There are 2 protein chains.
Amino acid sequence: MITEKARPEILSLIRQHYPQLAERKLQDEIANEGTIMHFKAGSLIMDFGAYVKIMPLIIKGSIKVSREDEEGNELFLYYLKPGETCSMSFTCCLMDKKSEIRTVAEEDTTLIGIPTRFMDEWMSRYLSWKNFVMTSYDNRMLELVRTIDSIAFKKMDERLMDYLEQKAEANDSRTLNATHQEIAYDLNASREAVSRLLKQLEKDGVVQLGRNRIELL
Amino acid sequence: MITEKARPEILSLIRQHYPQLAERKLQDEIANEGTIMHFKAGSLIMDFGAYVKIMPLIIKGSIKVSREDEEGNELFLYYLKPGETCSMSFTCCLMDKKSEIRTVAEEDTTLIGIPTRFMDEWMSRYLSWKNFVMTSYDNRMLELVRTIDSIAFKKMDERLMDYLEQKAEANDSRTLNATHQEIAYDLNASREAVSRLLKQLEKDGVVQLGRNRIELL
DNA sequence: GGTTTGCAGTGACGAATATCACAATAACTG
DNA sequence: CAGTTATTGTGATATTCGTCACTGCAAACC
């Protein structure tokens, strides 16, 4: 992970990716207090149980958010994309609580990290910031409900297809690089089940498979 | 559903159940703008797809929140208890969106309804209101994540026990009145599966069963 | 009190996955 | 290129739960 302080660059990134944060003074504050951070694809950004110290404004790339139970079973929740932030962070920041989730860089990812102490302050001071925070909460909530729909109401083949589509979107590519085992972890399924379902999808002409590669047709 | 305007009563209810909303002027506003509403046990408060017009501050009783998919399959999400509010409401109110959930009175329930237009305004004006709203979002988010844990990682017997415990807490009673079919709907399971698992729990000495009655031991 | 209705119990069977055990193959490495 | 490792394929079997078909029983209603 590489970080940099770069006031003018942050200003331009914010204007580009967060146009709704239009207030000049707010943009100034973000530029003053924020730090540009780079994460390599695959690197762990924040682990389950860690204390959150920054709130991330995502600029480039994407972040995979997942949940784990006591026995180490994992479940993918959703991706964060540029223009989005992690609402779970608020919670953790404001209440000084441990993280309930794990975040990993899906691609090489750039974000602006805002130290937690400003988040709350800015809520009262900047209308656009307050709206942004509320909208983020709302979006994350909706994602969680969709995740619930998926695991509660759908069978594995449909969940798999949904997952592949989301992953394709997060990576901006219809060709995915992932092993069946990795997908199985994300879906909390068995590797064999994923293999068989993928095979079926290939027979159906929906995907084309290769070693470490899945192409959506 | 019965409603009443009752300024002094609202004041006292708020002070009693929402002590964190300590600002005098905020309490005044709530008393001025809020309406006391009563719902009979079992009555539908808000259906899936409806537009939300009020934000509920729950005073007495409890509310069951659930989700439904396109085919009409249902899934229980969580209960709201006195001192809590429905964060989904914010979302709907602020963005003028349709409800993603259904809420039904689990017991006879009393709440103070706040017309949506004030919620946003008060966020900027009253610190304690802002904190309340944020905390509510956080709590609901956590509930959703726990729901996900439950359906993703647990088997039906454990989900059933969790559900019974939650229901007991929501009803303030270790003796529950519910048919196996109703429970099956809430868990998105089959009636037969629920019957068999309950029977097993009875054998294990964890519950005692009767017609329309489940006693937690 | 006899009938109807709703709830619960039960067996048989099937579908969706998990689990286990290994075979086959592709990619990497010295 | 030979050997090793990672990945994928596949069959057999087990488990969890859903579905269907029916029975028994208790409560509610004439």
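Just so it is clear, the values below take in all heavy atoms, side chains as well, and ignore hydrogens, waters and symmetry mates. Quick caveat: nothing in here was measured; it's all calculated off a predicted structure. Just so we're on the same page: letters track the sequence lines, and every chain starts at 1.
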With sequence neighbours left out, write down each residue that passes salt bridge (Lys or Arg N to Asp or Glu O under 4.0 Å) with B:E107, or none if nothing qualifies.
none
Spacing of A:Q200 atom CD relative to D:dT8 atom C1', expressed in whole Å:
16 Å
I need the CD-P distance between A:E71 and C:dA18, as an integer number of Å.
15 Å
Rounded to the nearest 0.5 angstrom, the CD1-OG1 distance for B:I58 and B:T110 is 10.5 Å
How many Å lie between CD on A:Q181 and C1' on D:dT5, as a whole number?
15 Å
In whole Å, I'd like the distance from the CG atom of A:D157 to the P atom of C:dA15.
15 Å
Using atom CD of A:E182 as one end and atom C1' of D:dT7 as the other, report the distance to the nearest whole Å.
11 Å
Take nucleotides 20-29 of chain D nucleotide by nucleotide from the 5' end and write B, S or -, depending on whether a protein heavy atom sits under 4.0 Å from the base, only from the sugar-phosphate, or from neither.
BB----BS--
Whole-Å gap separating P (C:dG6) and OH (B:Y185):
13 Å
Once you apply a heavy-atom cut-off of 4.0 Å, does B:S190 come out as touching a base, just sugar-phosphate, or nothing?
base
Quiz question: by atom type and distance under 3.5 Å, do the side chains of A:Q200 and A:D204 form a donor-acceptor pair?
yes
Counting distance only, does the side-chain N/O of A:N177 pair as donor-acceptor with the main-chain N or O of A:N212 below 3.5 Å?
yes
If you pin A:E202 and B:L197 to their nearest nucleotides in DNA chain D, which one's is more 5'?
A:E202
Within 45° of the ring axis of B:F48 and under 6.0 Å from its six-membered ring centre, is that where the NZ or CZ of B:R67 lies?
no
Please check if any side-chain donor atom of A:N171 sits under 3.5 Å from a side-chain acceptor atom of A:E106, or the reverse.
yes
Does a side-chain N or O from A:H180 land closer than 4.0 Å to OP1 or OP2 of D:dT8, or not?
yes
Choosing from D:dC17, C:dC7, C:dA16, which nucleotide comes nearest the side chain of B:M156?
D:dC17
Separation of atom CG in A:L160 from atom P in C:dA16, rounded to whole Å:
15 Å
Here the distance between atom P of C:dT17 and atom CD1 of A:I151, to the nearest Å, is 13 Å
Passing option when A:D162 is tested against A:K167, A:R146, A:K154 for salt bridge (charged side-chain N to carboxylate O under 4.0 Å, His left out)
A:K154
Picking from D:dG9, D:dG18, C:dT19, the nucleotide nearest the side-chain atoms of A:K199 would be D:dG9
